[in-house]
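Hydrogens, waters and symmetry mates are skipped; everything else that's a heavy atom, side chains included, is used.
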Amino acid sequence: MTSSSGFGFRDHLGSLTGISFAFIVFIVVSLLSMVPARTAQGSEETSGEAARVMALETLWNQAEVEKDIRALSQLIPDTFTYVDIDGSLRTKSEFLESVKSGTEKPSEIRNESMVAHAYGNTVVVTSVYREKGTASGKHYSRKGRFTDTWIKVDSGWQCVASQSTLIEK
């Protein structure tokens with residue numbers, strides 16, 4: 001099917017294919033050029049979420065020193081799992097009871113070298129902590145390391161698992 005000008009349907013189709021190919025290349029290049037901008041934006045959001053969780057870690061320490069069971073209870077879900085410095089496993093209720101009625105009475109808990117890594121709706125925090133207080137009337141001072149796993153639930157964060165290990169002085 002050729003017209004009198006020599007420009008037939010196939011010639012027209014060929015030029016459309018050339019235009020389509022150029023258009024597809026343009027779209028792909030445009031999309032690829034947006035990837036770094038999106039990644040940068042995502043890392044800003046990630047660092048913001050990690051910073052929020054690190055602030056919650058500090059609140060956790062204050063709540064533990066003040067024996068504020070209500071505040072601690074809001075930071076951990078019913079399925080919370082805690083591995084203590086002696087390797088024992090505690091549930092949420094056992095952990096809260098140990099803070100409320102345990103023989104240890106911390107006067108200070110502070111975190112050092114805290115690092116948080118965000119993975120979607122999960123943030124994993126690792127840190128060294130120093131704790132001072134009394135246990136059965138005797139002064140203690142300890143240094144340890146912990147790993148906490150936080151999950152974003154609705155609009156807030158909850159620590160679903162915590163593990164603590166003593167570091168020799």
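By the criterion of side-chain heavy atoms lying less than 4.5 angstrom apart, applied directly or through intervening Ile, Leu, Val, Met, Phe, Trp or Tyr residues, Ile167 is not grouped with Ile109; the two fall into different hydrophobic clusters.
For the residue pair Phe146 and Asn111, the shortest heavy atom distance occurs at CE2-OD1, 3.4 Å. Nearest heavy-atom pair across Tyr140 and Ala135 is CD2-N, 3.7 Å. The two residues Ser107 and Val65 have their closest heavy-atom pair at O-CG1, 3.8 Å. Of all heavy-atom pairs spanning Cys159 and Ile76, the tightest one is O-CG2, 3.5 Å. The two atoms that bring Glu64 and Phe95 nearest to each other are OE1-CZ, 4.2 Å, heavy atoms only. Here the shortest heavy-atom pairing between Ala116 and Val123 reads CB-CG1, 3.9 Å.
No side-chain heavy atom of Val83 sits less than 4.5 Å from a side-chain heavy atom of Ser164. Thr126 has its side chain out of reach of Arg145: every pair of non-hydrogen atoms, C-beta onward, lies at least 4.5 Å apart. You'll find the side chain of Tyr119 reaches within 4.5 Å of the side chain of His117, heavy atoms only. Between Leu166 and Arg142, the closest side-chain pair of non-hydrogen atoms falls below 4.5 Å. For the pair Val53 and Val125, the minimum side-chain heavy-atom distance is below 4.5 Å.
Enclosure of atom NZ in Lys105 by more than 12 non-hydrogen atoms of other residues, nucleotides or ligands within 6.0 angstrom is indicated. Crowding of Asp86 atom CG: a count of heavy atoms from other residues, nucleotides or ligands under 6.0 Å exceeding 12.
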How far apart are the C-alpha atoms of Ile151 and Trp157, what are their side-chain angles, what is the distance that settles it, and do they pass the side chain to side chain contact (heavy atoms under 4.5 Å, CB included) test? CA-CA 6 Å; Ile151 303 289; Trp157 288 92; 5.6 Å; no
Would Thr147 and Val124 count as a side chain to side chain contact (heavy atoms under 4.5 Å, CB included) if you check the C-alpha gap in whole Å, the side-chain angles of each, and the deciding distance to 0.1 Å? CA-CA 7 Å; Thr147 301; Val124 177; 3.9 Å; yes
Show your reasoning for whether side chain to side chain contact (heavy atoms under 4.5 Å, CB included) applies to Glu108 and Glu131. CA-CA 6 Å; Glu108 177 186 10; Glu131 182 175 340; over 6 Å; no
In sequence, state the C-alpha distance, the side-chain angles, and the governing distance for Trp150 and Thr122, and then conclude on side chain to side chain contact (heavy atoms under 4.5 Å, CB included). CA-CA 6 Å; Trp150 294 78; Thr122 304; over 6 Å; no
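A distance of 10.0 Å separates CG in Leu72 from CD in Glu66, rounded to the nearest 0.5 Å. Remark: Lys132 NZ to Thr134 OG1 distance equals 13.5 Å, nearest 0.5 Å. The distance from atom OG of Ser93 to atom CD1 of Ile69, rounded to the nearest 0.5 Å, is 11.5 Å. Note that NZ of Lys100 and CG of Asp68 are 12.0 Å apart. Values are rounded to the nearest 0.5 Å. Summarising the geometry, atom OG1 belonging to Thr91 is positioned 10.5 Å from atom CD belonging to Glu97; distances are rounded to the nearest 0.5 Å. Note that CG of Leu96 is 11.5 Å distant from NZ of Lys67, once rounded to the nearest 0.5 Å.
For the side-chain contact (heavy atoms from CB on, under 4.5 Å) criterion with Ser127, the lone passing option out of Arg110, Met114, Met54 is Met114.
With hydrogens and angles left out, the side-chain atoms of Tyr82 and Glu94 include no donor and acceptor closer than 3.5 Å.
The pair Arg52-Glu57 does not count as a salt bridge, with every side-chain nitrogen at least 4.0 angstrom from each carboxylate oxygen.
Scanning for side-chain hydrogen bond (donor to acceptor under 3.5 Å, both in side chains) contacts around Ser73 gives Lys92, with sequence neighbours left out. Remark: Asp84 engages Arg90 in a salt bridge (charged side-chain N to carboxylate O under 4.0 Å, His left out) (not counting sequence neighbours).
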